[in-house]
Amino acid sequence: MDCPNTTNTYTPNSTYQTNLHTLFSVLSSNSTVPNGFYNFTAGSSPPNVAYGLFLCRGDVTPTVCKDCVAYATVDVVEKCPRSKLATIWYDRCMLRYSNASIFSVPATGGTFMWNVANVTNVTRLNEVLGEVLITCSFILSRMMLV
């Protein structure tokens, strides 16, 4: 969990709080999308705009994603009370929101998570990892040409 700035808070019953509740509602409602990612903007008048997104792990079902996002929207308010920006991570999903646009802006800091269970098929893991690295390398090389 990351609530980086305790001075960037909203007041109860403010426009920002209303927009944040709208944001959480829309994110939760769209948490069964097949790709496990969704972003939304609630409000139109800065500084009361709430930007947010969620990302679910690629191997979780839409139901698990929905449950995780729904839990995150409640838990983040309890753990980061009245914060205008926060990121919260779980094993199955991540939720991020802010009063400034976060789209195409990488998050900094945070927590690293890893699975300590043994890999049952090392050969297949290496094959998939190799494919991902080759694809990433190709994409990065194409981006450098632009």
Side-chain angles (χ1 to χ4, degrees), residues 1-6 8-140 143:
M1 173 189 45
D2 188 21
C3 317
N5 188 343
T6 56
N8 192 5
T9 58
Y10 60 86
T11 55
N13 302 315
S14 65
T15 302
Y16 185 82
Q17 183 179 30
T18 300
N19 288 339
L20 189 59
H21 285 300
T22 300
L23 173 70
F24 288 164
S25 177
V26 170
L27 291 178
S28 292
S29 296
N30 287 281
S31 58
T32 57
V33 294
N35 66 359
F37 173 80
Y38 193 80
N39 66 58
F40 186 74
T41 303
S44 59
S45 301
N48 295 312
V49 179
Y51 302 88
L53 57 86
F54 71 81
L55 175 66
C56 289
R57 215 173 64 199
D59 63 337
V60 301
T61 65
T63 301
V64 169
C65 182
K66 182 176 182 65
D67 291 345
C68 187
V69 172
Y71 180 78
T73 61
V74 173
D75 194 36
V76 74
V77 173
E78 291 177 9
K79 291 184 175 166
C80 301
R82 296 191 308 271
S83 181
K84 283 191 174 183
L85 63 154
T87 305
I88 194 160
W89 296 269
Y90 301 95
D91 183 44
R92 294 180 173 100
C93 72
M94 177 270 298
L95 174 79
R96 183 178 177 203
Y97 72 88
S98 178
N99 64 322
S101 181
I102 55 174
F103 308 136
S104 299
V105 178
T108 58
T111 303
F112 293 95
M113 297 173 65
W114 58 89
N115 184 344
V116 295
N118 291 329
V119 174
T120 57
N121 189 339
V122 175
T123 302
R124 182 66 185 138
L125 173 68
N126 288 332
E127 289 171 358
V128 171
L129 184 57
E131 292 169 10
V132 168
L133 291 174
I134 289 169
T135 302
C136 289
S137 176
F138 175 76
I139 291 170
L140 287 172
M143 290 173 64

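Keep in mind that the numbers below use all heavy atoms, side chains included, and drop hydrogens, waters and symmetry copies.
- In this structure, the side chain of Thr73 engages the main chain of Ala70 through a donor-acceptor pair within 3.5 Å.
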Which donor-acceptor pairs under 3.5 Å do side chains of residues 37-47 form with protein atoms, sequence neighbours excluded?
none

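- Nearest heavy-atom pair, Phe24 versus Val76, reported as atom, atom and distance to 0.1 Å: CZ-CG1, 3.8 Å.
- In plain terms, the two heavy atoms of Thr9 and Lys84 that are nearest each other are O-CE, 3.6 Å.
- Scanning both residues, Arg124 and Asn121, for their nearest heavy atoms gives N-OD1, 3.0 Å.
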- From CA spacing to verdict: side-chain contact (heavy atoms from CB on, under 4.5 Å), Leu27, Tyr97: CA-CA 11 Å; Leu27 291 178; Tyr97 72 88; over 6 Å; no
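- Counting heavy atoms from C-beta outward, Phe54 and Val33 have side chains that approach closer than 4.5 Å.
- Separating the OG atom in Ser98 from the OH atom in Tyr51 is a distance of 8.5 Å, to the nearest 0.5 Å.
- Within a 6.0 Å sphere centred on CG of Asn35, heavy atoms belonging to other residues, nucleotides or ligands number more than 12.
- In this structure a side-chain-to-backbone donor-acceptor pair under 3.5 Å is missing from Asp75 to Tyr71.
- Nearest heavy-atom pair across Ile102 and Gly52 is CD1-CA, 4.1 Å.
- Interatomic distance, CG of Leu20 versus OG1 of Thr15, reported as 12.5 Å (0.5 Å rounding).
- At least one side-chain heavy atom of Met94 sits less than 4.5 Å from a side-chain heavy atom of Leu53.
- Around the CZ atom of Arg82, the shell of radius 6.0 Å holds no more than 12 heavy atoms that belong to other residues, nucleotides or ligands.
- Cys pair Cys68 and Cys56 fails the test of SG atoms under 2.5 Å apart.
- Between the side chain of Thr11 and the main chain of Ser14, no donor-acceptor pair closer than 3.5 Å is present.
- Distance CD/Gln17 to OG1/Thr22: 10.5 Å, rounded to 0.5 Å.
- In this structure, Arg96 CZ and Leu55 CG are separated by 11.5 Å, a value rounded to the nearest 0.5 Å.
- At a cut-off of 3.5 Å, with distance as the only test, no side-chain donor of Asn99 or Tyr10 sits close to an acceptor on the other residue.
- Residues Cys65 and Ser31 share a closest heavy-atom pair of SG-O, 3.2 Å.
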